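Quick one: the structure is below, and I'll ask about it shortly.
Each chain gets a letter, A, B and so on, in the order its sequence line appears, and its residues count up from 1. Just so you know, these numbers come straight off a predicted model, no measurement behind them.
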There are 2 protein chains.
Amino acid sequence: MGSLHLDLKDCGQCPIRHRAVCSRCEPDELEVLEDIKYYRSYEAGQPILWAGDHMEFVASVVTGIATLSQTMEDGRTQMVGLLLPSDFIGRPGRETAAFDVVAVSDVTLCCFRRKPFEHLMTSTPHIGQRLLEMTLDELDSARDWMLVLGRKTAREKIASLLLIVARRDALLRKQLPSDGMIFDLPLTREAMSNYLGLTLETVSRQISALRKAEIIQLEGKRRVIVPDLEALISETGDDVDGGLIV
Amino acid sequence: MGSLHLDLKDCGQCPIRHRAVCSRCEPDELEVLEDIKYYRSYEAGQPILWAGDHMEFVASVVTGIATLSQTMEDGRTQMVGLLLPSDFIGRPGRETAAFDVVAVSDVTLCCFRRKPFEHLMTSTPHIGQRLLEMTLDELDSARDWMLVLGRKTAREKIASLLLIVARRDALLRKQLPSDGMIFDLPLTREAMSNYLGLTLETVSRQISALRKAEIIQLEGKRRVIVPDLEALISETGDDVDGGLIV
DNA sequence: GCGTGACATTGATACGGATCAAATGGTCTA
DNA sequence: TAGACCATTTGATCCGTATCAATGTCACGC
């Protein structure tokens with residue numbers, strides 16, 4: 001299971017760049033792809049895959065948000081990744097899912113049958129190279145997140161998460177994060193707590209604390225305003241440039 | 001930066017399988033490799049790379065143990081990976097190290113100049129495919145570790161670490177982990193605490209607790225005996241088969 | 001033998017986050 | 001408008017781990 005970003009072109013059917021599997025390859029592959037790809041939809045809250053499930057496809061998120069998570073026997077769960085549009089699900093060479101995948105909002109996947117996709121990978125090296133790059137980026141992000149889980153305080157964890165969402169949101173709008181920026185939290189307090197290794201009560205308390213300290217402002221429960229970006233960054237405990245963009 | 005296992009053959013110079021870069025490729029590459037590879041040694045405790053350092057090579061660990069870690073401004077550090085013989089350091093397409101690499105014991109690296117190695121990758125697809133497989137495995141391991149860091153108690157963390165070391169040790173001896181098995185901890189209490197997101201005092205206390213509960217026995221500070229493997233596994237909090245082999 | 005220094009253990013106490021519980025607010029439906 | 005339901009906030013208390021401090025153990029050199 002991987003959360004990977006494939007560099008795709010527009011296919012006219014999907015709302016995102018989605019024509020060929022790899023933008024560096026010639027569009028000849030387009031015909032092949034039309035044969036092996038199809039779409040699936042999931043409603044908010046619906047499970048997409050359980051760990052151990054057989055997967056006959058790999059897929060790319062077209063719309064919506066999904067989470068990658070693990071659950072212990074007694075119910076403790078830890079989110080291990082966030083899947084956003086254009087992120088990749090599944091891994092070549094493995095038939096079963098390693099983690100649970102759950103739709104947070106309504107989700108559309110563009111699926112590729114696994115066998116033909118793997119064959120395509122061997123015949124077009126760029127795809128494998130791109131996949132390797134993306135996987136290495138994911139690995140770096142996962143390792144960055146280990147620092148957050150292992151060593152940061154609740155307040156620093158919340159600030160780190162807010163900053164990640166803020167940066168992703170800015171990226172989506174093709175802007176730089178800036179003072180006064182406004183964005184929506186895509187996750188419930190519970191989902192945040194599962195991402196951060198906290199309880200939902202602690203998440204709520206720390207968000208309130210950051211609001212009272214005027215590091216952030218809230219409009220409703222989900223919309224966040226960051227009056228001073230530097231102030232938020234300094235709450236994360238990171239050194240100035242720390243590469244925490246997941 | 002990646003911690004990757006390359007499937008290598010014996011070159012006669014290294015104590016481990018190390019002849020061609022990829023065992024699936026023809027030995028023609030051997031000549032090329034002899035040109036671009038060289039060796040480096042580091043003493044126990046010595047830093048190999050600091051995060052941000054320029055890297056002119058990628059490398060494979062030949063002997064010894066190294067750690068991959070991150071440190072915050074105020075000194076809190078989190079280990080994000082353990083590098084054992086045949087693990088891989090560096091990543092194609094990136095010139096700077098993403099994490100600190102420190103030799104725990106005396107370490108010998110077999111280094112490949114980065115540019116020629118990257119060229120070799122494009123010309124021999126199997127290498128890239130193997131690297132992708134290994135990176136995906138690393139990613140799964142990193143995500144498994146997130147559950148440990150985010151949701152497990154100190155006692156469960158220690159049990160998880162002991163089990164990982166036990167399994168690795170068994171793998172190295174080409175045996176299965178079994179009741180009564182004996183192994184040495186390669187890490188100090190402090191290094192363990194940095195791996196587990198705990199203090200060294202808590203690590204010491206929990207190891208003592210496991211000893212008093214007769215889950216483990218100790219010979220000196222470092223040698224561990226596991227009388228009943230199932231008992232140790234049940235202390236990790238994992239479901240029976242949980243894939244925690246890092 | 002006796003220091004010396006690194007690593008580890010153990011004890012006392014403080015504090016951060018978990019837990020249990022109740023109240024608030026928003027949205028949807030009847 | 002009322003009622004039900006869900007996410008969220010807030011409060012009171014408890015517990016696990018951090019922190020600060022002292023002691024113990026082992027290897028090594030003189």
Exercise. Identify whether any heavy atom of Gly45(A) sits under 4.0 Å from a base atom; if not, whether one sits that close to sugar-phosphate; answer base, sugar-phosphate or nothing.
Key: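 It contacts nothing in the nucleic acid.
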Practice problem: For Leu218(A) and dT8(D), give me the distance from atom CG to atom C1', rounded to whole Å. | Solution: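 Distance, rounded to whole Å: 11 Å.
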Quiz item: Donor-acceptor pair, Ser204(B) side chain versus Glu201(B) backbone, under 3.5 Å?
Solution: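 Between the backbone of Glu201(B) and the side chain of Ser204(B) there is no qualifying donor-acceptor contact (under 3.5 Å).
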Exercise. Would you mind telling me which of dT17(D), dT9(D), dA8(C) lies closest to the side-chain atoms of Ser204(A)?
Key: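 For the Ser204(A) side chain, the nearest candidate turns out to be dT9(D).
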Quiz item: Does Arg205(B) make a side-chain N or O approach to OP1 or OP2 of dG11(C) shorter than 4.0 Å?
Solution: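 Looking at the OP1 and OP2 atoms of dG11(C), neither is under 4.0 Å from any side-chain N or O of Arg205(B).
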Practice problem: Look only at the side chain of Thr202(B) and the backbone of Leu198(B), and say whether a donor-acceptor pair between them is shorter than 3.5 Å. | Solution: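 No, Thr202(B) side chain to Leu198(B) backbone: no donor-acceptor pair under 3.5 Å.
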Self-check item: Nearest-angstrom distance from the residue atom CZ of Arg155(B) to P of dT17(D)
Solution: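 Distance check: Arg155(B) CZ to dT17(D) P gives 11 Å.
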Self-check item: Touch class at under 4.0 angstrom, heavy-atom based, for Arg76(A) against every strand present
Solution: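 Touches nothing.
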Exercise. Return the nearest nucleotide to the side chain of Leu198(A); candidates are dG24(D), dA18(C), dT19(C).
Key: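 The closest nucleotide is dA18(C).
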Exercise. Could you state the atom-to-atom distance from CG of Asp74(B) to C1' of dA18(D) in whole Å?
Key: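 The distance from CG of Asp74(B) to C1' of dA18(D) comes to 14 Å, rounded to the nearest Å.
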Self-check item: 5'-most by nearest nucleotide on DNA chain D - Gly220(A) or Lys221(B)
Solution: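 Closest to the 5' end, via its nearest nucleotide, is Gly220(A).
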Practice problem: Using whole Å, report how far NZ of Lys212(B) lies from C1' of dT10(C). | Solution: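 That distance rounds to 8 Å.
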Quiz item: Does CD in Gln46(B) sit with more than 12 non-hydrogen atoms of other residues, nucleotides or ligands closer than 6.0 Å?
Solution: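 Yes, the 6.0 Å shell around CD holds more than 12 heavy atoms from other groups.
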Quiz item: Just how far, in rounded Å, is C1' of dT13(C) from CD of Glu201(B)?
Solution: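 My rounded result for the distance is 13 Å.
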Practice problem: Identify which nucleotide among dT10(C), dT9(D), dT19(C) has an atom closest to any side-chain atom of Thr199(A), counting heavy atoms from C-beta outward. | Solution: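 Looking only at heavy atoms from C-beta outward on Thr199(A), the closest nucleotide is dT19(C).
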Quiz item: How many Å lie between CD1 on Ile207(B) and P on dT10(C), as a whole number?
Solution: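 So the two atoms are 11 Å apart, to the nearest Å.
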Quiz prompt | N or O in side chain of Thr153(A) less than 4.0 angstrom from dG16(C) OP1/OP2 | solution =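 No, outside the criterion.
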Practice problem: Give the rounded distance in Å between these two atoms: CG of Leu196(B) and C1' of dG16(D). | Solution: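 So the CG-C1' distance, Leu196(B) to dG16(D), works out to 16 Å.
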Exercise. Using a 4.5 Å cut-off on heavy atoms from C-beta on, say whether the side chain of Val165(A) contacts that of Pro186(A).
Key: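 Counting from C-beta outward, Pro186(A) and Val165(A) do come under 4.5 Å.
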Exercise. Among the candidates dT9(D), dA18(D), dC7(C), find the nucleotide nearest to the side-chain atoms of Thr202(B).
Key: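 Among the listed nucleotides, the one closest to the side chain of Thr202(B) is dA18(D).
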Exercise. May I have the distance from Lys152(B) (atom NZ) to dG16(D) (atom C1'), rounded to whole angstrom?
Key: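 The distance from NZ of Lys152(B) to C1' of dG16(D) comes to 17 Å, rounded to the nearest Å.
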Quiz prompt | Pair Ser69(A)-Asp100(A), side-chain donor/acceptor within less than 3.5 Å | solution =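 The criterion, which ignores hydrogens and geometry beyond distance, is not satisfied for Asp100(A) and Ser69(A).
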Quiz prompt | 5′-ward residue of the pair Val203(B)/Val203(A) relative to DNA chain C | solution =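 This one resolves to Val203(B).
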